[in-house]
Amino acid sequence: NAEDPAQLRMRARLATTALILVGLLFGGCSSPSSHLAEAEEQYAATEYYQAFHAIEQAREAYPDDEEIEAAYWKIRLPYLLKQGQELVFANREEEALAYFEKALVLDPGNEIALSWMRKADDKMATRAAYEADWLRKRGELKQALVKYHEAFQHQSGNPEAEAGLRMLGDIWRKMQDQAQYHY
């Protein structure tokens with residue numbers, strides 16, 4: 001009966017973590033290499049949050065260790081990208097953009113950061129356009145106009161905002177025609 005590869009990886013991670021913990025408990029003081037090993041193991045398992053947390057602790061404990069410093073910068077970029085992605089999924093795009101901007105400082109032109117920034121902007125544009133549509137349908141035309149323009153700030157040429165603005169223009173023209181007729 002073969003086990004699922006994901007289960008095998010999880011067991012291996014647990015065993016490695018247990019060995020590290022036993023070493024820390026019975027070994028007294030930890031060493032730079034044990035901190036580094038934990039961070040590298042988490043990094044290899046693509047557990048970037050845990051890897052970054054471990055390397056930050058190592059960096060605090062051993063601020064002059066060049067190997068830890070090198071690992072810190074190696075782990076920081078994927079950590080920033082992963083955190084940004086999770087924030088996009090959680091509909092916290094503004095916060096996500098800050099993480100992607102930090103990633104671009106470390107690696108200008110990073111395609112992953114740029115791609116996720118576009119996704120975040122697209123989500124914010126779409127959300128603003130939908131809010132504008134809702135305001136337009138409620139007759140709150142000025143607020144709708146502001147929201148449509150917010151959508152364009154996030155994504156120029158947003159199709160939902162363009163369609164909404166056309167409808168808003170039609171409504172205003174009808175209102176002007178009615179006002180002229182009654183005047």
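This structure is a prediction, so every number in the text was calculated from the model and none was measured.
In the hydrophobic clustering of ILVMFWY residues, with side-chain heavy atoms under 4.5 Å counting as a link, Y130 and L141 come out apart. The hydrophobic cluster containing L87 does not contain V105, counting ILVMFWY residues as joined when their side-chain heavy atoms lie under 4.5 angstrom apart, directly or transitively.
Applying the salt bridge (charged side-chain N to carboxylate O under 4.0 Å, His left out) test to residues at least two apart or on different chains, the pairs with a partner in residues 86-101 are R92-E95, E93-K123, E93-R127. Applying the ring pair (Phe, Tyr, Trp, His ring centres under 6.0 Å) test to every pair with at least one member in residues 64-99, sequence neighbours left out, gives these pairs: F52-Y72, F52-Y79, F89-W116. The stretch residues 134-154 participates, sequence neighbours left out, in no ring pair (Phe, Tyr, Trp, His ring centres under 6.0 Å) pair at all.
Distance check, rounded to the nearest 0.5 Å: CG of L114 to CG of L104 gives 5.0 Å. The structure places NZ of K142 at 14.0 Å from CG of L135, a figure rounded to the nearest 0.5 Å. Considering CD of E38 and NE2 of H53, their distance stands at 8.0 Å, rounded to 0.5 Å. Taking CD from E131 and CD from Q143, the interatomic distance works out to 12.5 Å, rounded to the nearest 0.5 Å. With values rounded to the nearest 0.5 angstrom, I75 atom CD1 is found 10.0 Å from E56 atom CD. Taking CD of E66 as the start and CD1 of I68 as the end, the distance is 11.0 Å to the nearest 0.5 Å.
When the side chain to side chain donor-acceptor pair (under 3.5 Å) test is applied to E40, the partners found at least two apart in sequence or on another chain are K74. Legend: residues meeting side chain to side chain donor-acceptor pair (under 3.5 Å) with R166, ordered by chain and number and at least two apart, are absent. Under the rule for a side chain to side chain donor-acceptor pair (under 3.5 Å), K82 has no partner lying at least two apart in sequence or in another chain.
A pairwise comparison of heavy atoms in A128 and E150 identifies CB-OE2, 3.8 Å as the closest pair. In terms of heavy atoms, G84 sits closest to F100 at C-CZ, 3.3 Å. For A71 against L36, the heavy-atom pair with the smallest separation is CB-CD1, 3.4 Å. Scanning both residues, A151 and A129, for their nearest heavy atoms gives CB-N, 4.0 Å.
Considering only heavy atoms from C-beta on, R76 stays 4.5 Å or farther from I55 through its side chain. Counting heavy atoms from C-beta outward, N110 and L77 have side chains that approach closer than 4.5 Å. Counting only heavy atoms from C-beta outward, the side chains of L145 and L165 approach each other to under 4.5 Å.
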Exercise. May I have the step-by-step check of salt bridge (charged side-chain N to carboxylate O under 4.0 Å, His left out) for R118 and D121, ending in yes or no?
Key: CA-CA 5 Å; R118 284 188 296 273; D121 278 331; over 6 Å; no
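In this model, a donor atom of one side chain and an acceptor atom of the other lie less than 3.5 Å apart for Q155 and D122.
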